[in-house]
There are 2 protein chains.
Amino acid sequence: MQEHEAQFRNYLKNRGLKLTRSRALILNAAFTMHEHFDAEKLHDLVKHANISLATVYRTLPLLVNAGLIQLAVHSGRRDRFEHILGHPQHVHWLCENCKAVMETDLSSLLPALENEAKALKFDISQISLSIKGLCWKCKADVNESQ
Amino acid sequence: MQEHEAQFRNYLKNRGLKLTRSRALILNAAFTMHEHFDAEKLHDLVKHANISLATVYRTLPLLVNAGLIQLAVHSGRRDRFEHILGHPQHVHWLCENCKAVMETDLSSLLPALENEAKALKFDISQISLSIKGLCWKCKADVNESQ
DNA sequence: AAACTTGTTGCAAATGATTCTCATAATAAG
DNA sequence: CTTATTATGAGAATCATTTGCAACAAGTTT
Ligand SMILES: [Mn+2]
Ligand SMILES: [Mn+2]
Ligand SMILES: [Zn+2]
Ligand SMILES: [Zn+2]
């Protein structure tokens, strides 16, 4: 069994919830994807098994609370997620023009943040750093058109 | 005239938009508040002047594009904003238990980020760093109840 | 393995924040 | 003041997400 399955099974058992066929399929679909995804995208991957969109929506918060996925970027009106296991924390660079998302390592900033957390007596569970602006490609385009 | 009014007037004029009574009132309401606010909260502050919620929603993106306010936290299903002028960039620490939001200075992290931006040739327009977890108070409560 | 208890699902209807339509009003310019 | 154009209120429309409910499936107990 994969690590994420074991973690989910454990999370569910701890609170008297059941590991159903639907939930297992949705979990695996989430770990199939290596980019950001929203509820509908996830549903696309499992609807062949007659799983409803409502069930996807009901499973998403379970996966979040189990520490398996997290809210990634909120662009537009849909929530977008990404899986966590095997995907270390990173910075999201969002181009406001072409909507591209780049990622860079967050580790160099971690010590400073952990220091501050200690000073605040704050228990960190998730760090989300996203930076909006213009990517190099769009910056070039803007300059051209001037 | 306040600095934010001048900046807004200038922004509007540059693109042939009009500085209306409604927009001026909404802008000032936004700078009246020193916490995060959503569209409805802003509307509460201006509806005495018979300003509709739709107009508030139409003005919000203008204020964002003018660099006067920014999306602060997207909690729950509502967008929450904060004014920028006179409110330097900061880190948001969100307690997942009591929903409290603390803020700390971001300046110590800026040099590292600006360096990375330079390497990526990325033009930063907004940095948003939010950290979820447990505040010291809730951490204490949790320990007690064990 | 059958019975039982409790949580789960699909479906469709409900919700709620945000956006849009359109007829009327306000603004900036000349 | 007149004109050209943008803005506004009211309410309808959107659309992602949530819910109610009756049928089902998972885990547990005989
Ligand atoms: Mn990511
Ligand atoms: Mn803030
Ligand atoms: Zn771009
Ligand atoms: Zn707290």
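Lettering of chains follows the sequences in order, A, B, ..., and the numbering in each one begins at 1.
Between A/Asp79 and B/Arg77, at least one side-chain N (NZ, or NE/NH1/NH2) sits under 4.0 Å from a carboxylate O, which counts as a salt bridge.
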*Give the intermediate values and the outcome of side chain to side chain donor-acceptor pair (under 3.5 Å) for residues A/Gln70 and A/His87.*
CA-CA 11 Å; A/Gln70 67 183 358; A/His87 192 189; over 6 Å; no
_As a quick check of understanding, evaluate side-chain contact (heavy atoms from CB on, under 4.5 Å) for B/Ile51 and B/Thr59, giving each step before the final call._
CA-CA 11 Å; B/Ile51 291 177; B/Thr59 304; over 6 Å; no
*Under the side-chain contact (heavy atoms from CB on, under 4.5 Å) rule, what do A/Leu62 and A/Leu27 come out as? Steps first, then yes or no, please.*
CA-CA 10 Å; A/Leu62 296 177; A/Leu27 170 65; over 6 Å; no
Do any N or O atoms of the protein come closer than 3.5 Å to N or O atoms of nucleotides 26-30 of chain C, and which pairs are they?
unit_1 : atom_1 : unit_2  : atom_2 : d
C/dT27 : O2     : B/Lys18 : NZ     : 2.7

Identify each atom pair where a protein N or O and an N or O of nucleotides 18-22 of chain C are less than 3.5 Å apart, giving names and distance.
unit_1 : atom_1 : unit_2  : atom_2 : d
C/dT18 : OP1    : B/Asp79 : N      : 2.9
C/dT18 : OP2    : B/Tyr57 : OH     : 2.3
C/dT18 : O5'    : B/Tyr57 : OH     : 3.4
C/dT21 : O4     : B/Arg58 : NH1    : 3.3

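Atom-to-atom distance recorded for A/Tyr57:OH and A/Ile26:CD1 is 12.0 Å, nearest 0.5 angstrom. Taking CG from A/Leu134 and NZ from A/Lys137, the interatomic distance works out to 12.5 Å, rounded to the nearest 0.5 Å. Interatomic distance, CG of A/Leu113 versus OG of B/Ser108, reported as 8.0 Å (0.5 Å rounding).
Direction of the helix axis in the helix from C/dA1-D/dT30 to C/dG30-D/dC1 shifts by 40° between the two five-pair termini, rounded to 10°.
Scored by the salt bridge (charged side-chain N to carboxylate O under 4.0 Å, His left out) test, B/Asp44 finds B/Lys47 as partners (sequence neighbours excluded). Considering only residues two or more places apart in sequence or on other chains, A/Glu40 meets the salt bridge (charged side-chain N to carboxylate O under 4.0 Å, His left out) condition with A/Arg78.
Classified by interplanar angle (parallel below 30°, tilted 30° to 60°, perpendicular above 60°), the ring pair B/His36/B/His90 is parallel. Under the 30°/60° scheme for interplanar angles, the aromatic rings of B/His4 and B/Phe31 are found to lie parallel.
Protein chain A touches strand DNA chain D; the 5'-most and 3'-most nucleotides with an atom under 4.0 angstrom of its non-hydrogen atoms are D/dT14 to D/dG27.
Atom CG in A/Leu62 sits roughly 14 Å away from atom P in C/dG7 (whole-Å rounding).
More than 12 heavy atoms of other residues, nucleotides or ligands sit less than 6.0 Å from atom CD of B/Glu96.
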